[in-house]
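The next block holds one structure in the form of structure tokens; read it before the comments.
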Amino acid sequence: MPELPEVETIRRQLDPELRGRAIRELEILDPRWSRPLPPEQVAGAVQGRRINGLERRGKYLLLRLDGGQILVMHLRMTGNLVLVTPEGEQRSERFLRARLLLDDGSELRFTDARRFGEGFVLDERGLEERFQGRLGVEPLSEEFTPEQLGELAAGRTAPLKSFLLNQAGIAGIGNIYADEALFRARLHPLSPAGSMREPHLEALHEGVVEALLAGIEWGGASIDDYRDATGAEGSMQDEFLVHTREGKPCFVCGTPIRRIVVGGRSTYFCPHDQVRLRRRRRAGRKKPRARP
DNA sequence: CGCGCAACCTGTCTGC
DNA sequence: TGCAGACAGGTTGCGC
């Protein structure tokens, strides 16, 4: 599924191709795509605009247009964005939901089997409002540090897996990279987020960053639907340390990887290497237990 | 407020 | 072979 590394891969491929291009037309074939706004409104807002550049925020792809408007797209689970050049083959796409026709004859196709994907247009202020309180820190920015991770996790009782999936804390991590980050950090997915101490925070910080960078380096993970902007598969799925590896030997200790369900999501981990932390007592309470 | 879970969707896989 | 049911998981919204 498209998570931060997949969206970033697409962004890096599309930015040099789309930058400076003008939008001839945005054709929305599935009205669900622009919901709750009517397709004409979204299409009208971008028509004739020039694309100044592509950015990413969490799993959202942002096309900055001249005039200050921003075309925002989210691939959700099965969405794909493929750029088709005039010279390229024009095979008809299944599940085509929207397409952006550009002034050089190329076409950006948004396909999506499950129709969860969406697109909308906002100005800078609208975007800030929209993301306010819902999208947290960018994990590949300088702002993301072990200290900041500690602040986000402090007092949280939710399992680490759920904590990582919460976009309001750290933006961009999905089911795949949450598992990979936790394995790299040697932390059990059911450990309460607030149970981490200094070394755990350091380890998880590094685990998150390394897992995401690996994902980008390998061009994203194609378990089933994901393709990059050229239509090609990524190869991160061949580099998974634990995700989808149920029953296979841990690369570190050989113990069979286990699959459990956390927060309704398949979760893969090594039961031997990933330490399960106990909930930490809140500071300043009762008397400390004598340790035998 | 924090947390867990259902709902939104539909293609694909599994078992009878 | 056909078909019902489970399963996939990003985000929102609701109930406790």
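Chain A is the first sequence line, chain B the second, and so forth, proteins listed ahead of strands; every chain is numbered from 1.
Put simply, the side chain of R114(A) and the base of dA8(C) share a donor and an acceptor less than 3.5 Å apart. Judged by distance alone, with hydrogens and angles left aside, R265(A) brings a side-chain donor or acceptor within reach of the base of dT11(C), the pair sitting under 3.5 Å.
In this entry the distance linking CD of E246(A) with C1' of dC7(C) reads 14 Å, nearest Å. Nucleotide dC3(B) holds its C1' atom 16 Å from the NZ atom of K161(A), rounded to whole Å. The CG atom of D225(A) sits 11 Å away from the P atom of dG11(B) (whole-angstrom rounding). At whole-Å resolution of the value, CZ in F116(A) and P in dT12(C) are 13 Å apart. Between L165(A) atom CG and dC3(B) atom P the separation is 13 Å, expressed in whole Å. When rounded to the nearest whole Å, the span between CZ of F95(A) and C1' of dT10(B) equals 8 Å. Spacing between atom CG of L61(A) and atom P of dG10(C) amounts to 17 Å, rounded to whole angstrom units. Regarding Y226(A), its OH atom lies at a distance of 14 Å from the P atom of dG10(C), rounded to whole Å.
Taking the six-membered ring where the residue is Trp, the centroids of F131(A) and Y60(A) are separated by under 6.0 Å.
Backbone-only contact: G174(A) has heavy atoms under 4.0 Å from sugar-phosphate atoms and none from a base. Within the nucleic acid shown, R115(A) comes within 4.0 Å of sugar-phosphate atoms alone, with no base atom in reach, counting heavy atoms only. Here S266(A) lies in heavy-atom contact (under 4.0 Å) with sugar-phosphate atoms only.
Residue H74(A) places at least one side-chain N or O under 4.0 Å from the OP1 or OP2 atom of dT11(C). Note on Q167(A): a side-chain N or O is less than 4.0 Å away from OP1 or OP2 of dT11(C). OP1 or OP2 of dT10(B) has not a single side-chain nitrogen or oxygen of R97(A) nearer than 4.0 Å.
Here dT12(C) is the nucleotide among dT12(C), dA8(C), dC8(B) with the atom lying nearest to any side-chain atom of R130(A). Which of dG4(B), dT10(B), dA8(C) sits closest to the side chain of P159(A) comes down to dG4(B). Counting only heavy atoms from C-beta on, R259(A) has its side chain closest to dA8(C) among dG2(B), dT11(C), dA8(C). Checked against dG2(B), dT11(C), dT12(B), the side chain of Y60(A) finds its nearest nucleotide in dT11(C). Across dA8(C), dT12(C), dG11(B), the shortest atom-to-atom separation from the side chain of R134(A) is found for dT12(C).
Taking CD of E217(A) as the start and OG1 of T9(A) as the end, the distance is 11.0 Å to the nearest 0.5 Å. Considering CZ of F120(A) and NE2 of H74(A), their distance stands at 8.5 Å, rounded to 0.5 Å. If you take CG on L108(A) and CG on L83(A), they are separated by 6.0 Å, rounding to the nearest 0.5 Å.
In DNA chain B, consecutive stretches of 3 or more Watson-Crick or G-U wobble pairs with both distances under 3.5 Å are given as paired ranges: B:2-8 with C:10-16, B:10-16 with C:2-8.
The minimum heavy-atom distance linking G133(A) with A168(A) is given by the pair O-CB, 3.5 Å.
In summary, of the residues considered (F269(A), F183(A), Y268(A)), a ring pair (Phe, Tyr, Trp, His ring centres under 6.0 Å) with H188(A) occurs for F269(A) alone.
Taking the six-membered ring for Trp and thresholds of 30 and 60 degrees, W33(A) and F110(A) have ring planes more than 60 degrees apart, a perpendicular arrangement.
When the nearest nucleotides of DNA chain B are assigned to A158(A) and A113(A) by heavy-atom distance, the more 5′-ward of the two goes with A158(A). Position along DNA chain C of the nearest nucleotide to V261(A) versus E118(A) favours V261(A) as the more 5'-ward residue.
Side-chain contact check for R259(A) and S266(A): at least one donor-acceptor pair (N or O, by modelled atom type) lies under 3.5 Å.
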